[in-house]
Colleague: 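This is the structure I have questions about; it appears just below.
In what follows, chains carry the letters A, B, and so on, assigned in the order in which the sequence lines appear, proteins first and then strands, with residues in each chain numbered from 1. These values consider heavy atoms only, across backbone and side chains, with no hydrogens, waters or symmetry-generated copies. For clarity, every value in this text was computed on a predicted model and none was experimentally measured.
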Amino acid sequence: MRGDMLDIRFIREDPDKVKWACEQKGEDVSIDRLLELDERRRELVSEVDSLRAERNRITQRIKEAFASSDKETGCVLREKARKLSDAVKSKNDELKVVEEELNSLLLKVPNIPDGSVQEGKDENDNIVVREWGEKPHFDFEPKDHLQIGAMHNLFDMRRAAKITGAFFPLYRGAGARLERALVNFMLDTHTENGYTEILPPFLSNRASMTGTGQLPKLEEDMYRVEQDDLFLIPTGEVPITNYFREEIIDEDDLPMYFCGYTPCFRREAGSYGKKTKGLIRVHQFDKVELVKFVVPGRSCDELESLVADAERILQLLGLHYRVVRLCTGELSFASAKTYDIEVWAPGMKRYLEVSSCSNFGDFQARRSGIRFRRRGGKPEFVHTLNGSGVATPRLMIALLETAQRRDGSIVLPEPLVKYFGQAKIDG
RNA sequence: GGAGAGGUGCCGGAGUGGUCGAACGGGGCGGUCUCGAAAACCGUUGAACCGUAAGGUUCCCGGGGUUCGAAUCCCCGCCUCUCCGCCA
């Protein structure tokens, strides 16, 4: 359906489409400059190649000359080869400069929205594609998670701020145990459903961050360990997707499904004060991530089932939610198509995004060199997908607010009981 | 952190300045044989870039350097292994 998008060839063939994508996603990249560089690059490559070809021919003759003790010819040729080598070098340096700029521009070109995504500017253009369950009714005024948390001493944001800084969470007692229970419940649910569990490193290097598309754009949004040039992962997507960076996967091994628990670290630069009460927006949160590697033709269907797999968590917990298809303007840099899952938090009286499920097409695979080979064929890029299945803080918010009773106790949904160890939080 | 060893194709493993994109073995693929299979035998089997093509160029962990010429020599980095130290 879609070709080799974001391949330089694709950009060459359909620059308008790429420009449109940049516009839709609000990315400022000069495609014209990029094409200019591309053309210059090809010119230089030809020049360097033919210079080298000639150099190689002479080099061969030098060998022969010396082998037949024709020192004179040998020396003359050697002088000639030396000059050619110098020429190769300077042309090649020129080429490197061009390639460097070309490359850095290329890395800033966003993925192209899939044809099934509606055009739009902001969240008002997102489309609710379905809802599950309904908003619970209370015969009392439901408390929000902060009130509930305070009542049962589940978190302590104030002291967490002392330890680290504002907006770092700290769970305690039943709160900590509930967090742990949720993570385990989700992991078990997904592994029973065919996902292989991964527990990856929580820091990633620059190459990995570039591979999944966090870099270069989001450098400022990530915590960075300067000394080692590593980044704290903003999502489990990064380490899990990069698991296969620079590899050629056997076709028979596809599709591959992985899930993994990781904490996620986000600086959330500039977002203070923006609906950031309590646990809703924090610098560190836990998440179970789902990642798929699939054959190109399958990724559309795989996205639908990925969303369904994430939804299952909320269904099992009996939480009302809706699924939203993001418009072009709301898509992330790397995404071709994204569904958000928003769970209803009765205390906050609003929907909270707990999952974002995306099809990246071959965008990430291309950047990270993740390929597969069909029988007897040439390597091709896989398609990658991922989604949260799901993020805990907001899940916990929705759960606490939904499961509260008039007396302030929390009655846990049945599937969670064996993980939590008891059916109720009270007293 | 200290001392050594090493990173070569899908895998194992040669190669230590030209004739090497790379011996040899295994695997894969195709074929012969067979009722079929195994075995045996024969053939084939890396990737990227430029080019309509013919063809050319590059790649032996990554980056620099020496040289007419580097997988092969030198320097830096990354990674792996062994030993010592330290530590959860």
Side-chain angles (χ1 to χ4, degrees), chain A residues 4 6-13 34-107 199-211 215 225-231 239 242-254 256 263 293 362 365-382:
Chain A
D4 286 30
L6 300 210
D7 187 357
I8 183 70
R9 290 185 192 111
F10 178 83
I11 300 177
R12 228 146 51 198
E13 275 163 32
L34 199 151
L35 290 171
E36 193 181 310
L37 286 164
D38 171 50
E39 204 172 319
R40 182 71 185 133
R41 185 191 81 93
R42 283 184 292 159
E43 245 170 64
L44 285 167
V45 164
S46 295
E47 289 177 39
V48 170
D49 279 4
S50 56
L51 281 171
R52 267 204 272 246
E54 191 180 347
R55 199 266 325 271
N56 288 349
R57 277 195 294 275
I58 292 178
T59 271
Q60 189 62 20
R61 284 168 58 201
I62 292 173
K63 190 194 65 183
E64 285 156 13
F66 282 114
S68 59
S69 308
D70 185 355
K71 292 217 165 69
E72 252 174 82
T73 319
C75 289
V76 172
L77 287 173
R78 187 149 66 186
E79 199 44 47
K80 206 170 166 189
R82 198 193 313 262
K83 289 202 174 106
L84 275 169
S85 278
D86 289 347
V88 167
K89 203 175 170 199
S90 70
K91 269 291 171 211
N92 199 40
D93 286 347
E94 207 177 319
L95 174 62
K96 275 184 195 166
V97 172
V98 170
E99 278 185 330
E100 203 173 310
E101 190 186 342
L102 177 62
N103 217 346
S104 78
L105 275 185
L106 230 31
L107 285 174
L199 183 56
F202 300 156
L203 285 83
S204 289
N205 56 30
R206 205 163 264 284
S208 296
M209 286 298 178
T210 306
L215 289 179
V225 181
E226 187 118 16
Q227 197 170 16
D228 300 288
D229 201 25
L230 296 173
F231 299 84
N242 279 283
Y243 187 35
F244 291 105
R245 184 154 56 82
E246 303 298 333
E247 291 198 32
I248 298 175
I249 299 164
D250 204 57
E251 185 188 15
D252 298 337
D253 292 335
L254 295 176
M256 292 195 288
F293 301 86
D362 66 2
R366 191 176 287 285
R367 291 177 152 238
S368 345
I370 306 172
R371 296 177 291 174
F372 77 103
R373 193 196 304 274
R374 294 190 152 95
R375 286 181 136 254
K378 287 273 171 195
E380 301 172 53
F381 290 106
V382 300

Colleague: Closest approach to the side chain of D49(A), judged atom by atom: which nucleotide of C68(B), A48(B), C49(B) is it?
Modeller: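 Of all the options, the side chain of D49(A) is nearest to C49(B).
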Colleague: In this structure, how many angstroms lie between the P atom of G62(B) and the CG atom of D229(A), rounded?
Modeller: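 Atom-to-atom, D229(A) to G62(B), this comes out as 20 Å.
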Colleague: For G62(B) and A71(B), measure between their P atoms and round to the nearest Å.
Modeller: 12 Å
Colleague: With no hydrogens and no angle check, is any side-chain donor or acceptor of N242(A) less than 3.5 Å from a backbone partner on S208(A)?
Modeller: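 Yes.
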Colleague: Take atom CG of N103(A) and atom C1' of G63(B), then tell me their distance rounded to the nearest Å.
Modeller: 16 Å
Colleague: What is the separation between atom CG on D86(A) and atom C1' on U67(B), rounded to the nearest whole Å?
Modeller: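 Distance check: D86(A) CG to U67(B) C1' gives 12 Å.
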Colleague: So, the side chain of R367(A) versus the backbone of T210(A): is there a donor-acceptor pair under 3.5 Å, distance only?
Modeller: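 It does hold such a pair.
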Colleague: Do any side-chain nitrogens or oxygens of S85(A) fall under 4.0 Å of OP1 or OP2 in U67(B)?
Modeller: no
Colleague: Give the nucleotide from the list U57(B), G64(B), A47(B) with an atom nearest to the side chain of K378(A).
Modeller: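 It is A47(B).
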Colleague: Is there a donor-acceptor contact under 3.5 Å from the side chain of D7(A) to the main chain of F10(A)?
Modeller: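 No: the side chain of D7(A) does not pair with the backbone of F10(A).
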Colleague: If you assign R41(A) and E54(A) each to the RNA chain B nucleotide with the nearest heavy atom, which residue ends up on the more 5' nucleotide?
Modeller: R41(A)
Colleague: Taking only the side-chain nitrogens and oxygens of K96(A), find out if one of them lies under 4.0 Å from OP1 or OP2 of G64(B).
Modeller: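 For K96(A), the contact criterion (side-chain N or O under 4.0 Å from OP1 or OP2 of G64(B)) is met.
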Colleague: Could you work out the separation of G85(B) and A3(B) based on their P atoms and round it to a whole Å?
Modeller: 15 Å
Colleague: Hey, does R55(A) reach any base, or is it just sugar-phosphate, or nothing, if we go heavy atoms under 4.0 Å?
Modeller: sugar-phosphate
Colleague: Quantified in whole Å, what is the P atom distance between nucleotide C10(B) and nucleotide G46(B)?
Modeller: 9 Å
Colleague: Starting at atom CD1 of I248(A), determine the distance to atom C1' of A47(B), rounded to an integer number of angstrom.
Modeller: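 I248(A) atom CD1 is separated from A47(B) atom C1' by 7 Å.
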Colleague: Determine which nucleotide pairs with G4(B), using a 3.5 Å limit on both distances of a Watson-Crick or G-U wobble pair.
Modeller: C81(B)
Colleague: Which value, in whole Å, describes the distance between the P atoms of nucleotides U8(B) and C86(B)?
Modeller: 34 Å
Colleague: Name the nucleic acid region contacted by N56(A), choosing base, sugar-phosphate or nothing; use a 4.0 angstrom heavy-atom cut-off, strictly under.
Modeller: sugar-phosphate
Colleague: Both R12(A) and R52(A) contact RNA chain B. Which one's nearest nucleotide lies toward the 5' end?
Modeller: R12(A)
Colleague: For I62(A), report the nucleic acid contact type (base, sugar-phosphate, nothing); a contact means any heavy atom under 4.0 Å.
Modeller: base
Colleague: Heavy atoms under 4.0 Å, any strand shown: does K83(A) hit a base, just sugar-phosphate, or nothing?
Modeller: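 Answer is nothing: K83(A) stays at 4.0 Å or more from every strand.
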Colleague: For a quick check of understanding: with a heavy-atom distance under 4.0 Å over all strands, which category does R57(A) fall into, base, sugar-phosphate or nothing?
Modeller: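 No contact.
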Colleague: Please determine if a side-chain N or O atom of R82(A) lies less than 4.0 Å away from the OP1 or OP2 oxygen of C68(B).
Modeller: yes
Colleague: How long is the line joining NZ of K63(A) and C1' of G18(B), in whole Å?
Modeller: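 K63(A) atom NZ is separated from G18(B) atom C1' by 5 Å.
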Colleague: Find the partner of C68(B): check Watson-Crick (N1-N3 plus N6-O4 or O6-N4) and G-U wobble (N1-O2, O6-N3) distances, both under 3.5 Å, and reply none if neither fits.
Modeller: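 The answer is G18(B), by the H-bond criterion.
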Colleague: Could you work out the separation of C73(B) and U67(B) based on their C1' atoms and round it to a whole Å?
Modeller: 10 Å
Colleague: Which one, G69(B), C49(B), A47(B), comes nearest to the side chain of T59(A)?
Modeller: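 Nearest to the side-chain atoms of T59(A), counting from C-beta on, is G69(B).
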Colleague: CZ of F381(A) versus P of A47(B): gap in Å, rounded?
Modeller: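 That distance rounds to 13 Å.
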Colleague: Let me confirm one number: the NZ-CZ distance from K83(A) to R55(A), rounded to the nearest 0.5 Å.
Modeller: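 Rounded to the nearest 0.5 Å, the NZ-CZ separation comes out at 16.0 Å.
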Colleague: Does the pair E99(A) and K96(A) meet the rule for a salt bridge (Lys or Arg N to Asp or Glu O under 4.0 Å), with working shown?
Modeller: CA-CA 5 Å; E99(A) 278 185 330; K96(A) 275 184 195 166; over 6 Å; no
Colleague: Side chain of V45(A) only, please: which of U19(B), G69(B), C49(B) is the nearest?
Modeller: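 The answer is C49(B).
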Colleague: For C41(B), which nucleotide in any strand shown is its Watson-Crick or wobble partner with both distances under 3.5 Å?
Modeller: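 G31(B) - that is the nucleotide pairing with C41(B), both distances being under 3.5 Å.
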Colleague: Let's see if you can work this out: which of A47(B), C50(B), U58(B) has an atom nearest to the side-chain heavy atoms of R9(A)?
Modeller: C50(B)
Colleague: Would T59(A) and N56(A) count as having a side-chain donor-acceptor pair, cut-off 3.5 Å?
Modeller: no
Colleague: Which whole number of Å gives the distance between the P atom of G25(B) and that of U80(B)?
Modeller: 33 Å
Colleague: Atom CG of D250(A) and atom P of G27(B): how far apart are they, to the nearest Å?
Modeller: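 Distance check: D250(A) CG to G27(B) P gives 17 Å.
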Colleague: With both distances kept under 3.5 Å, what pairs with C87(B), Watson-Crick or G-U wobble?
Modeller: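 Pairing partner, where one exists within any strand: none, as none qualifies.
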Colleague: Say you pick atom P in G69(B) and the same atom in U57(B); how far apart are they, in whole Å?
Modeller: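 To the nearest whole Å, 15 Å.
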Colleague: If U52(B) has a Watson-Crick or G-U wobble mate with both distances under 3.5 Å, name it; if not, just say none.
Modeller: none
Colleague: When rounded to the nearest Å, what value does the distance between C1' atoms of G43(B) and C81(B) take?
Modeller: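 Rounded to whole Å, the distance is 39 Å.
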Colleague: Quick one: does R371(A)'s side chain have a donor or acceptor within less than 3.5 Å of a partner on V382(A)'s backbone?
Modeller: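 No; zero donor-acceptor contacts below 3.5 Å.
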Colleague: Quick one: does any side-chain atom of S50(A) pair with a main-chain N or O of S46(A) as donor and acceptor, under 3.5 Å?
Modeller: yes
Colleague: With a 3.5 Å limit on both atom pairs, tell me what C24(B) is paired to, counting Watson-Crick and G-U wobble, or say none.
Modeller: G12(B)
Colleague: What is the distance, rounded to the nearest whole Å, between atom CZ of R78(A) and atom C1' of U66(B)?
Modeller: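 After rounding, the gap between these two atoms is 14 Å.
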